[in-house]
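Data block below; observations after.
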Amino acid sequence: MTNLTFPKNFIWGTATSSYQIEGAWNEDGKGESIWDRFSHTPEKIKDGSNGDVACDHYHRYQEDVDLMKSLGMHAYRFSIAWARIFPDGRGEVNQAGLDFYDNLVDALLRAGIRPFATLYHWDLPQALQDEGGWENRAIVDAFAEYVDVVSKRLGDRVKDWITHNEPWVAAHIGNAWGVHAPGKTDYRSAFRVAHHLLLSHGAAVPIIRKNSADSQVGITLNLTVADPADPENPADWDAARQMDGFMNRWFLDPLYGRHYPADMVASFEKEYPDSINFIEEGDLEIIAAPTDFLGVNYYTRAVVRATEGVMPEQVKVETSDYTDMDWEIHPVSLTELLNRLSYDYRPRKIYITENGASYAIAPNEEGRVEDVKRLEFLRGHFNAAHRAIQDGVPLAGYFVWSFMDNFEWGEGYKERFGITWVDFETQERIPKDSALWYSKVIDANGPIDS
Ligand code: FCB
């Protein structure tokens, strides 16, 4: 096969998030977040771990930036911990928290790495959760206050902003499934949370534009392709439509000015009467604030079967390969997803803000991490992305999840998504074979033979 070349100026990078890597959970005035509370609660995290230390990135950020530079990264997507800036969620600003991100951004710029800042990657200040968190509409003003302070301080240097990471996960896995913080199990709460996340996104966009001249603003969604388990069965096709509505259209439609999807509103109202009662006059206009790009996190597709209830059931495909997370490897769906997003919603630009694979492949005797499986996973998805570009999709960059192994939420440290190995005892970092290969891909501006 010949090597593929990506468009000139295509951005290659990696991504992380604050709670997953920083550690220093209670240092320099940081307040408690819902993830501190959740992970300190027995039985919530599979391996009983927490993010108290994680990758100790808070103290080692310079070393991490140096490694990124040595690998030739163009960009780095990180998130800001709200509770470092506002320990109580609003009101008094903690300057030391702002200083940390200020220093990180300067280190990145010195290294020639473009910072992409995510404002909310799930670590809500616990003080706000105590007031109802994202269920309480008052949070929209608190988020606006936080965004104003951060974008004023960093906006002269950070020019790429992501308001939220995966509101579907924050809303549903955190509030309906109870598997993420804050650990609630109520679909009604989850829909309310999702609405306020979207509303706060819309409220944040003009604030960022005001404080950060010539910046680009977007939101990151976890998106998937829903396929029927049995293509001969019309009920499974309907289940696929429902899954698409639940995970994709529920967020994309209002963001692109189409209101919530009518089929989904009807089915949720049937299952949970009067649950969609949080929309106020003008909300949909705020949510539909024009953005500059759509961030897409893609890991796997959803193959679904019809059930009695409103939620389809996901099934495993016997003939497919799966990663350690038990996520099906399906790069073709990435091409399909990008095309669909491009034609249905017409985003000005798309970034893949996360894509990667969990494999717990450890260093061998020579200390080398031969993660061929991850390398092949990435190659397949780079090729799929290239195909979408050929189809006319305005894909402008690709962020591999993750720069390094880290705290994988409810899974703890067992799942390793990094292209860099982290020894959590010694905090040693070892670039895996996938990282060394990725470095060459960046050089060549496209996937190369390994
Ligand atoms: C995404 C999250 C990210 C990471 C990957 C594996 O849902 O945004 O923080 O956990 O999954």
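Numbering of residues begins at 1 and proceeds along the displayed sequence. Order of appearance sets the numbers: ligands from 1, and atoms from 1 within every ligand.
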Heavy-atom contacts with [X] under 4.0 Å: which atoms of ligand 1 show up? List them by number with element.
{"X": "Trp122", "value": "2 (C), 7 (O), 8 (O)"}
{"X": "Glu408", "value": "4 (C), 6 (C), 10 (O)"}
{"X": "Trp409", "value": "3 (C), 4 (C), 9 (O), 10 (O)"}

Q: Carefully, step by step, assess Tyr299 and Glu354 under the rule side chain to side chain donor-acceptor pair (under 3.5 Å).
A: CA-CA 8 Å; Tyr299 288 93; Glu354 285 180 31; 2.6 Å; yes

Q.
salt bridge (Lys or Arg N to Asp or Glu O under 4.0 Å), that's the test. Do Asp47 and Lys414 meet it? Break it down for me.
A. CA-CA 7 Å; Asp47 61 2; Lys414 188 175 67 46; over 6 Å; no

(Q) So for atom NZ, which belongs to Lys373, do other residues, nucleotides or ligands contribute more than 12 heavy atoms lying within a distance under 6.0 Å? (A)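 Atom NZ in Lys373 is not packed in, count stays at 12 or less.
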
Q. When you look for heavy atoms under 4.0 Å from ligand 1, do you find them on the side chain of Asn165, its backbone, both, or neither?
A.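 Side chain only.
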
Q. Can you tell which part of Met325 has a heavy atom less than 4.0 Å from ligand 1: side chain, backbone, both or neither?
A. neither

Q. Does Trp82 have its ring centroid less than 6.0 Å away from the ring centroid of His121?
A. no

Q: Establish, yes or no, whether a centroid distance under 6.0 Å links the rings of His180 and Trp35.
A: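 Close enough - the centres of the two rings lie under 6.0 Å apart.
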
Q | Protein contact to atom 5 (C) of ligand 1 [nearest heavy atom, distance to 0.1 Å] | A |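 Ranked first by proximity to atom 5 (C) of ligand 1 is Tyr299 OH, 3.3 Å.
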
Q. Among protein heavy atoms, which lies nearest atom 7 (O) of ligand 1, and at what distance?
A. Glu166 OE1, 2.5 Å

Could you say whether the N/O atoms of [X] and ligand 1 ever approach to under 3.5 Å?
{"X": "Glu354", "answer": "yes"}
{"X": "His121", "answer": "yes"}
{"X": "Trp401", "answer": "no"}

Q: Rounded to the nearest 0.5 Å, what's the gap from CG on Asp148 to CD1 on Ile208? Could you check?
A: 10.0 Å

(Q) So, applying side chain to side chain contact (heavy atoms under 4.5 Å, CB included) with Ile419, which one of Val369, Val400, Leu436 is it? (A)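 Running side chain to side chain contact (heavy atoms under 4.5 Å, CB included) over Val369, Val400, Leu436 with Ile419 returns exactly one hit, Val400.
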
